[in-house]
Amino acid sequence: MQNNSTFVLSPPSPTNWRPDAFRLWPTLLVAVGALLAVFVPSIVYLGIALTLGAIRVAPGHPERIPPVHLIAAQIVAYVPLAIYLLIALPKIAHRSLHDLGIRVPTLAELGYGALGTIAMFVVVSTASLAIEAVTHFHDTEAAVALLKALNGAPEKIAFVVMAVVLAPLVEELAFRVFAFNAFESRTSVGIAAVLSGLVFGLVHAFGSPPSQLLTVAIPLALGGIVLALVYARTRCYWSNVVTHALFNSISVVAYFGFHAKI
């Protein structure tokens, strides 16, 4: 008798990629296009804000860009990046978005994503505490530094929307559905998880001082590996969105609700 319960975790999609899936040069071109989709809209937005006087720069003494504009620049970048990846992924993977995991999830897949949050929190927190114990420094990624610089309800609401909604939705497309699958098509699940995790950690360490680059990147790279393993197990994009969103929510709630050190 067939079990149609939504509580049963569906088997992962096949990972026997076609020989023409994620070919090197098309994949590299898509990666370059993704970078342009991020940086060009952000730069254009900041340039317009500067021209209109929303961001003031004194000659020789540039002021720090106000947090609200940093948040807006990132939100502006997320939209074209998501559209770009949704169009490009089926073409270079030679699979439909449904087969890549962008489909209606089962309850089991959502539950697996929730469990992934626990694993990610334990791994990232343990690594951060270990590094802090060795270096005696509490380094934080640029997004956390931005969180601490927020003033007023509108900025805080915009940050929460970016961190808890937009970042998980778009970054899981970029780092798992794209990067992890691209690596896995040429290597193995384990190697792909490590490589995509390293990319995830390094990208999130962008903007940190050079002296803090590795100490910020390492815990997040380990968190990226957990996210990759969640995706490898479920082959469901939404499982990862749940893991990522809940993980980011922990930091937001801890900081705003309990004034915790993050």
F175 and F200 aromatic ring geometry - parallel, tilted or perpendicular at 30°/60° bounds: perpendicular

Partner set under side-chain contact (heavy atoms from CB on, under 4.5 Å) for L115, not counting sequence neighbours: I118

For G113, is there any backbone N or O sitting under 3.5 Å from a side-chain donor or acceptor partner on T243? yes

Whether the side chain of N240 engages the backbone of E172 through a donor-acceptor N/O pair (distance < 3.5 Å, no angle test) should be reported. no

With a 4.0 Å cut-off, would you call E109 and R103 a salt bridge? yes

Who else is in L52's hydrophobic cluster (ILVMFWY, side-chain heavy atoms under 4.5 Å, direct or via others)? V32, L36, V40, V44, I48

With S96, which residues qualify under side-chain hydrogen bond (donor to acceptor under 3.5 Å, both in side chains), at least two apart? D99

Contacts table for residues 83-92: side-chain donor-acceptor under 3.5 angstrom, sequence neighbours left out:
| from | atom 1 | to | atom 2 | distance (Å) |
| --- | --- | --- | --- | --- |
| Y84 | OH | V30 | O | 2.9 |

Residues which pass ring-ring contact (aromatic ring centres under 6.0 Å, His included) with F180, listed by chain and number, not counting sequence neighbours: Y231

Is it the case that more than 12 heavy atoms not belonging to R23 sit under 6.0 Å from its CZ atom? no

Donor-acceptor pair, side chain of N248 and main chain of A163, under 3.5 angstrom: yes

Are the side chain of T234 and the backbone of S239 linked by a donor-acceptor contact shorter than 3.5 Å? no

Calculate, to the nearest 0.5 Å, the distance between atoms CZ and CZ belonging to F22 and R186 respectively. 9.5 Å

Side chain T126, main chain V123, donor-acceptor under 3.5 Å: no

Is there a donor-acceptor pair closer than 3.5 Å between any side-chain N or O of S125 and the backbone N or O of V122? no

Establish, from distance only, whether the side-chain atoms of W17 and E184 form a donor-acceptor pair under 3.5 Å. yes

Going by side chain to side chain donor-acceptor pair (under 3.5 Å), name the pairs with one or both residues in residues 66-76, residues two or more places apart or in two chains. Y45-H69, Q74-Y78

